[in-house]
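First the proteins, then the strands, lettered A, B, ... as listed; each starts at 1. For clarity, every value in this text was computed on a predicted model and none was experimentally measured.
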Amino acid sequence: MSREMLINLSMLAVLILTGVIAHLAGQGFVVTLATKAAIFALAGMGLNLCLGYGGLISFGHAAFFGIGGYVCGILALHAANAMPLVAGWSGSNQMLLIWPLAMLGAGLIAVPIGALSLRTSGVYFIMVTLAFAQMVYYFAISWPQYGGDDGMSFYTRNQFPGINTLKPFGFFLICAGVLVVVTAVIALITRSRFGLVLGAARQNRIRVEAAGIRPFPVLLTAFVLSAMITGLAGALYADLNRFVSPTMLSWHMSGEIMVFVILGGVGRLCGPVAGAGLYVLMEHLLGGITDYWQILLGLVLLTVVMLAPGGLIGILSGRARHG
Amino acid sequence: MLLAEQILNGLQYGMMLFLMAAGLTLVFGVMGLINLAHGALYMLGAFACAFVAGMSGSYLMGLAASLALAAGIGALVEITVLRRLYARDHLDQVLATFALILVFSEGCRWVFGNFPLYLTLPPWASGAVTLPGGLQYPLFRLLIILVGTLVALALYLLITRTRLGTRIRAGEADREMTAALGIDIAKLYTLVFALGAGLAGLAGALVGTIQSVQVGMGEPVLILAFVVIVIGGIGSVKGALAGALLVGMTDTLGKAFLPGLLAGFMPQASANTMGAGLASMLIYILMALVLVIRPQGLFGAKA
Amino acid sequence: MKLKSLLVSGIAALALAPVLAQAEGVKVGMITTLSGGGAGLGVDTRDGFLLALKNAGEAGKAVELIIEDDQQKPDIAVQIADKMIQSDEVDLLTGIVWSNLAMAVVPAAVAQEKFYLSTNAAPSALAGAGCNPKYFSVSYQNDNLHEAAGAYANQAGYGKAFIMAPNYPAGIDSLTGFKRFYEGEVVNELYTQVGQTDFAGEIAQIKASGADTVFFFQPGGMGIAFIKQYAESGSEIPLIGPGFSFSQDVLPAVGDAALGAKNSGNWSPDLENEANKAFVAGFEAEYGRLPSLYAAYAYDTANLLLSAMAKADINDADAFRAALKEADFATVRGKFSFGPNQHPIQDIYMREVIKREDGTLTNRIIDKALEDRSDAYAAECQM
């Protein structure tokens, strides 16, 4: 096992242990923080798949995060009020049904966005993904049925067989479990033939084409998969707060998801876990010391970009850039 | 009459966007840098104006201060941070400048507090004037249109008629060659950056005067400025002007008339909400259309 | 490995931090807006509450107050509420200014058996079928002040009103409230964006509408921007509004542009009663500015809380609720009682913006608009 893999695994372990220890110590709120970190990590993992492995700098992943959240919120709202949604079906409050639908929703929107955005590259790609996310954002604002600008609350968490999701620790276990499964899936994807082609397309699109592989379907698939994972994170985040609002779709959110990836290390398997963990930790610890903790966050971020482009995992594994 | 007034509003909005977009597009065209912190410079300009105008009692002093401070901080940031990013990929640039937004926004909050500041118009610029045709329009908004036009003209002359302009164009065309010709490229970069920053600061001060000066005011404008330069073609000042006016008009006229159109087939209240939201989406739809038809933007030179 | 060990020790320190000893009395979590365009409202809410605690002396010290800034964002408010309930273990929540934030926080908080006393936001959804034994509005029901303005528009002889409010629950309640008693024609009904700062487009529509009055509800920074821009536009159509649009947090920034404007309020600094005189003088002495409506509501809320604490233990929820319902405190509004849905029954006045001798702008009462007004939703409340 490589040193980097060891660090990846220990990052996951630290996050899970934090939740468990906090639960045993009766610190419900720390469990909630760890849950938040796990969800952010999941969102970052989604982005990392297209940004880190595929080199596609998407500045619009909040769109998928928010769509996942809204799918969750809308289904839960209909289920709670027994309002018919489509064809007499009135939503659901079962996470196991909500998750695939949230992923499907994010994935379906990602297909046209990805197909159009991939016509461009470089700065234009960044800008176009941002613009599409803004479109979704304004759509959510102007859609009064589901709260518009105000967002909507659904008061109680959705259910998972055998676990009381309203207890912070129960919900934490679910989120951590999802994170572990997704991490394993991503590890498998990146080692598959698909993952290798994706990495090659990042490094040199023309050479991939010369080898007889069209990069477009590969990149589009990566983009859509990435959106689906971030969408799943969005559904969990909605359940964490029992509330969704257009803030989940804002460009600031896109920036933050990107920050999780960069802080931890671009293209590292568990970079987003480290990044999201660090982010939540800073938010809580520094936020307790000073109201202006974001200045410090900004400075840390600046330092990482300037001096340690490999992020936290890069520092720990002693390798500046991911191969 | 209503249409005429809304067109003027669109024009004023467009000119304000142009002041923002001009700097952004120059910096990208010449240095290849994507600068998210441009909105923070807009905010800094507004705070400088509010502070100096409040202290000195002179609004013009405030405006001068906004130009000077934004340009000064712009130059400082360029020399200390951004210079190191020109050769990096866009991801690093996005992140570093995102970090700068956090630092500037929270810094401003720290210094000036959480309360929005409000500027008072000087007597010579306040009130409404009656335009030919009997339309009453606020004098200050007309002044913004005037300032935008003058800046556009000045930039045009600067780029086509002066030595500095030649260098900027040379820098855009071929960085290494320009440096090889003995032009101090570092100084040129700082100068271009400071110019863009100053314009953003000026825009912030002007808009802050009619609205309010508060932390975070630059961010919505920044996103729109990006849309403007992508529509106009990154690197083209002419494109920025065209894009800004297009976006300003689309947004203002869309907000003004879409609800009316929608009201034809839905209740007035939901037509109003839907209309406002759709009008905001319109700009992004416009941008997507431009990119599909002409991926390099309206005036963009290369893809 | 330094960073990692730092990280680990940080997490451990966090997890094992000792639980602070529980203080006697009541632990109150205040979630309010302390930054951005709405900060003026939250600051007054906080300051009014603190002043009441200070004036109460020893009794006030039994209240342990935790204050957090919601940045006027619903998702932040929800997270703060979670933290206050789970981590700080507060007994009671209060302080939310904005109805959209209240809708995100209040139902979840009362579902977790916490009391909520509203210092301002009182959306219709929580007044009728959605009422709750743990939820009290000390301020009003959202429609109230707007109802009074609608009644006043009739009296003043206006027949063509242009009405405008931000697009959030209180804005919708506002225009509903205005139309409840207003008998003339509504020439246009416009919803603006929350946090909007440029009203050029709306002002153009107002000028072209042929209205004889503009009723607008724009609290905080939105109101400041609107009134200033309206004054520059050359329009002569008179403005009327609820007290929020011409409240003490708005007036200094808009200046003379607001002079003479008529607005409705269930409180005014010149209201003749002992409690109010003491409050206005005390607030001005403490903070160097005049109190706004929001400060008055928060001051009343704190005094209501103290009155209930003197009668019952908060751990006995039924007794505490009964004590709150008695509303046995010296209100700055002269008279105050709770209706069946735990929203106030009170008088509502028309006010006018005037200039004091020292040059400060403020409001004075010109008329009583509605007497012993409850609200339109009380009948739907079953509890």
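Residue B/Phe98 comes nearest to A/Glu256 through the heavy atom pair CZ-N, 4.3 Å, listed as atom of the first residue, atom of the second, then distance. For the pair A/Gly298 and B/Ala99, the tightest heavy-atom approach, listed with the atom from each and the gap, is O-CB, 3.3 Å.
Here the two rings, on A/Tyr124 and B/His90, have centers that are 6.0 Å apart or farther.
Atom CD1 in B/Ile285 sits 13.0 Å away from atom CD in A/Gln134 (nearest 0.5 Å). Here A/Leu307 contributes atom CG and B/Arg84 contributes atom CZ; the two are 9.0 Å apart, rounded to the nearest 0.5 Å. For the atom pair A/Leu130 CG and B/Ile223 CD1, the distance stands at 4.5 Å (nearest 0.5 Å). To the nearest 0.5 angstrom, B/Leu278 atom CG is 10.5 Å from A/Met135 atom CE. Rounding to the nearest 0.5 angstrom, the gap separating the CG atom in B/Leu291 from the CZ atom in A/Phe132 is 8.0 Å. Atom NE2 in A/His252 sits 6.0 Å away from atom CD1 in B/Ile101 (nearest 0.5 Å).
With a 4.5 Å cut-off on non-hydrogen atoms, A/Ile57 touches chain B through its side chain but not through its backbone. Using a 4.5 Å cut-off between heavy atoms, B/Phe28 touches chain A through its side chain atoms alone. Interface residue B/Met287: only side-chain heavy atoms are found under 4.5 Å from chain A. For a residue to count as touching a neighbouring chain, one of its non-hydrogen atoms must lie under 4.5 Å from one of that chain's; by this rule A/Phe59 touches chain B with the side chain only. Heavy-atom distances place no part of B/Ile229 under 4.5 Å from chain A, backbone and side chain included. If you measure heavy-atom distances from B/Leu282 to chain A, you find no contacts under 4.5 Å at all. Heavy atoms of B/Leu91 lying under 4.5 Å from chain A belong to its backbone as well as its side chain. Proximity to chain B (any heavy atom under 4.5 Å) is restricted, for A/Leu51, to the side chain, taken from C-beta onward. With a 4.5 angstrom heavy-atom cutoff, B/Val227 does not touch chain A via any of its atoms. Proximity to chain A (any heavy atom under 4.5 Å) is restricted, for B/Val94, to the side chain, taken from C-beta onward.
Residue B/Arg169 places its CZ atom among more than 12 non-hydrogen atoms of other residues, nucleotides or ligands, all under 6.0 Å distant. In B/Tyr86, the OH atom is crowded: over 12 heavy atoms of neighbouring residues, nucleotides or ligands sit closer than 6.0 Å. Applying the 6.0 Å contact sphere to CZ of A/Arg207 captures no more than 12 heavy atoms from other residues, nucleotides or ligands.
The contact list for residues 237-247 of chain B toward chain A, using heavy atoms and a distance under 4.5 Å, is empty.
Within the 4.5 Å cutoff, side-chain heavy atoms of A/Leu302 are placed close to those of B/Val81. Residues A/Val136 and B/Met281 are not in side-chain contact: their nearest non-hydrogen atoms beyond the backbone lie 4.5 Å or more apart.
Chosen from A/Ile262, A/Thr120, A/Val300, the residue pairing most often with chain B at heavy-atom distances under 4.5 Å is A/Ile262.
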*With side chain to side chain contact (heavy atoms under 4.5 Å, CB included) as the test, would you mind laying out the steps for B/Leu102 and A/Ile295 before giving the verdict?*
CA-CA 6 Å; B/Leu102 296 180; A/Ile295 293 191; over 6 Å; no
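Judged by distance alone, with hydrogens and angles left aside, the side-chain atoms of B/Arg88 form a donor-acceptor pair with the main-chain N or O of A/Val305 at under 3.5 Å.
Under the side-chain hydrogen bond (donor to acceptor under 3.5 Å, both in side chains) criterion, no residue pair touches residues 28-43 of chain B, with sequence neighbours excluded.
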